[in-house]
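To keep things clear, I will list the structure first and then write my remarks on it.
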Amino acid sequence: MNTPSDAELGRAIAEFSQLRGRLFGIAYRMLGSVADAEDILQDVWVKWQSYDERDAVRDSTAFLVTMTTRLSINATQTARVRRETYVGPWLPEPVDTSADPSLGAERAAVLETAVLVVLEKLTPTERAAFVLREAFDYPYDEIAEILHMKQPAARKLVSRARQSIESDRHTPVDTTDQRRLLSAFLVAARAGDFDALETLFADDVASYSDGGGKVRNASRIPVFGRLRVAKYVTAFASHFWTGVTLDWVDANGRPSVLIRRDGAPIAWLTVGVAGDERIDRIFWVFNPAKLTRITQVVAARGDSTAE
């Protein structure tokens with residue numbers, strides 16, 4: 001391996017830095033983990049800065065996007081094996097999107113928690129094709145080249161992924177309505193108001209709690225249905241909400257709250273809202289490993305919006 005000159009290394013750094021947001025956005029959407037996405041970017045950078053034939057690369061953007069996508073596909077396959085033994089529901093790690101609502105993409109698509117959960121059901125290649133098309137607006141010929149397949153096959157992958165998403169997800173409302181309903185949920189949940197909760201919920205509402213087997217408060221199975229979810233939330237109202245502060249944070253392109261007690265994070269919470277303006281999904285992340293980075297964002301912000 002040839003040692004790059006300072007000028008060559010400088011160009012490599014500039015090209016990588018310019019694309020970093022996009023590369024992270026691809027890896028995060030594929031993996032649902034900030035830490036894993038950062039690992040992918042570190043691997044891409046090491047390979048890029050030491051690549052002997054970098055000067056022969058005609059399109060550095062295509063090269064780096066392809067490398068990131070292929071490494072993410074491999075990592076997704078490995079992660080899927082790990083998640084087979086994950087205790088309880090697996091949810092993506094929340095990522096701050098206050099500074100970059102689209103997280104490096106042409107469109108903010110494929111970023112909401114509800115969508116990332118559905119993407120877990122797709123094959124890694126389907127997921128990659130869908131992410132590249134829906135979030136980054138890549139043409140099918142470029143998707144085919146990145147994934148080493150024919151263009152009709154790429155189109156078929158995206159179409160199949162769209163069908164899976166549409167069949168498993170209601171039409172979402174805008175962020176203003178979503179925040180309003182999350183606020184109403186918090187008021188009713190903290191008061192243990194069963195009737196108010198039942199009114200807020202869609203008939204097929206589902207509550208998912210990700211504790212990774214490390215937190216007692218997290219249900220190890222999803223809770224389904226308006227009555228059952230209302231009973232579930234009411235049951236722990238008297239002790240869970242005592243002494244907590246709620247910090248609003250934009251995560252995954254949607255309003256959410258970080259729940260803390262005595263300054264320490266205990267959960268991150270957001271809701272999905274269907275087109276009829278009823279809550280159809282509740283996502284609780286209790287796993288401490290998934291709260292570290294979003295807590296750092298709230299701490300760095302300084303201007304607490306705690307309630």
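- In this structure, the side chains of S164 and L122 come closer than 4.5 Å at one or more pairs of heavy atoms.
- At least one donor-acceptor pair closer than 3.5 Å links the side chain of T270 to the backbone N or O of P255.
- Side-chain atoms of N74 and S72 form no donor-acceptor pair, as typed in the model, at a separation below 3.5 Å.
- For the residue pair T66 / E145, no side-chain donor-acceptor distance below 3.5 Å is found, with atom types taken as modelled.
- Under a 3.5 Å cut-off, the side chain of D96 and the backbone N or O of I294 do not form any donor-acceptor pair.
- For the pair L71/K47, a side-chain contact is recorded, criterion being any heavy-atom separation below 4.5 Å from C-beta on.
- D204 places no side-chain N or O within donor-acceptor distance of the main-chain N or O of A206, the cut-off being under 3.5 Å.
- Put simply, the side chain of Y208 does not reach to within 4.5 Å of the side chain of W90, judged on heavy atoms.
- Panel note: side chain S256, backbone V249; a donor-acceptor pair is recorded below 3.5 Å.
- The minimum heavy-atom distance between V229 and F224, with the atom names listed, is CG2-C, 4.1 Å.
- The minimum heavy-atom distance linking F136 with R22 is given by the pair CE2-CG, 3.4 Å.
- Rounding to the nearest 0.5 Å places CG of L116 at 6.5 Å from CG of L111.
- Two residues are said to be in side-chain contact when any heavy atoms from C-beta on lie closer than 4.5 Å; I165 and E134 fail this criterion.
- Side chain of R127 to backbone of M30: a donor-acceptor contact under 3.5 angstrom is found.
- A heavy-atom distance below 4.5 Å is not found between the side chains of D247 and V257.
- Nearest heavy atoms, V215 versus F286: CG2-O, 3.5 Å.
- In this structure a side-chain-to-backbone donor-acceptor pair under 3.5 Å is missing from E142 to P139.
- Expressed to the nearest 0.5 Å, how far CG of N287 lies from CG of L91 amounts to 10.0 Å.
- A continuous path of hydrophobic side-chain contacts links I266 to F236 [ILVMFWY only; heavy atoms under 4.5 Å].
- You'll find the side chain of D177 reaches within 4.5 Å of the side chain of E277, heavy atoms only.
- Here the closest heavy-atom approach between residue R220 and residue G213 is recorded as NH2-O, 3.9 Å.
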Item to complete: Give the C-alpha distance, both sets of side-chain angles, the deciding distance and a yes or no for side chain to side chain contact (heavy atoms under 4.5 Å, CB included) between R281 and T113.
Response: CA-CA 10 Å; R281 296 290 184 270; T113 301; over 6 Å; no

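- Looking at every heavy atom in both residues, A37 comes nearest to L31 through N-CD1, 4.2 Å.
- In this structure, A129 and L157 approach most closely via the heavy-atom pair CB-CB, 3.9 Å.
- Atom CG of D276 is surrounded by more than 12 heavy atoms from other residues, nucleotides or ligands within 6.0 Å.
- Here the CD1-CG distance, from I259 to L186, works out to 7.0 Å after rounding to the nearest 0.5 Å.
- Here the straight-line distance linking atom CH2 of W45 with atom OG1 of T68 works out to 13.0 Å at 0.5 Å rounding.
- F63 places none of its side-chain heavy atoms less than 4.5 Å from the side chain of V44.
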* **Worked check of salt bridge (Lys or Arg N to Asp or Glu O under 4.0 Å) between R133 and E106** => CA-CA 10 Å; R133 180 64 180 174; E106 296 291 328; over 6 Å; no

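- Side-chain atoms of L246 and R190, non-hydrogen and from C-beta on, do get closer than 4.5 Å to each other.
- With hydrogens and angles ignored, the 3.5 Å screen pairs a side-chain donor or acceptor of T97 with a backbone N or O of G253.
- How far OH of Y138 is from CD1 of I143: 9.5 Å, rounded to the nearest 0.5 Å.
- Rounded to the nearest 0.5 angstrom, W268 CH2 and N252 CG are separated by 5.0 Å.
- Q18 CD: 12 or fewer foreign heavy atoms inside a 6.0 Å radius.
- Cluster annotation: L197 is not connected to F194 through the hydrophobic network of ILVMFWY side chains, with a link wherever side-chain heavy atoms come within less than 4.5 Å.
- Between Y232 and W284, the distance from one ring center to the other does not fall under 6.0 angstrom.
- With hydrogens and angles ignored, the 3.5 Å screen pairs a side-chain donor or acceptor of R226 with a backbone N or O of F201.
- Relative orientation of the Y28 and F24 rings is parallel, given thresholds of 30° and 60° on the angle between their planes.
- Cluster annotation: M67 and I13 are assigned to the same hydrophobic cluster (Ile/Leu/Val/Met/Phe/Trp/Tyr, side-chain heavy-atom contacts under 4.5 Å, transitive).
- Judged by distance alone, the side chain of R293 and the main-chain N or O of P94 form no donor-acceptor pair under 3.5 Å.
- Listed for the R261 side chain is a donor-acceptor partner under 3.5 Å among the backbone atoms of F240.
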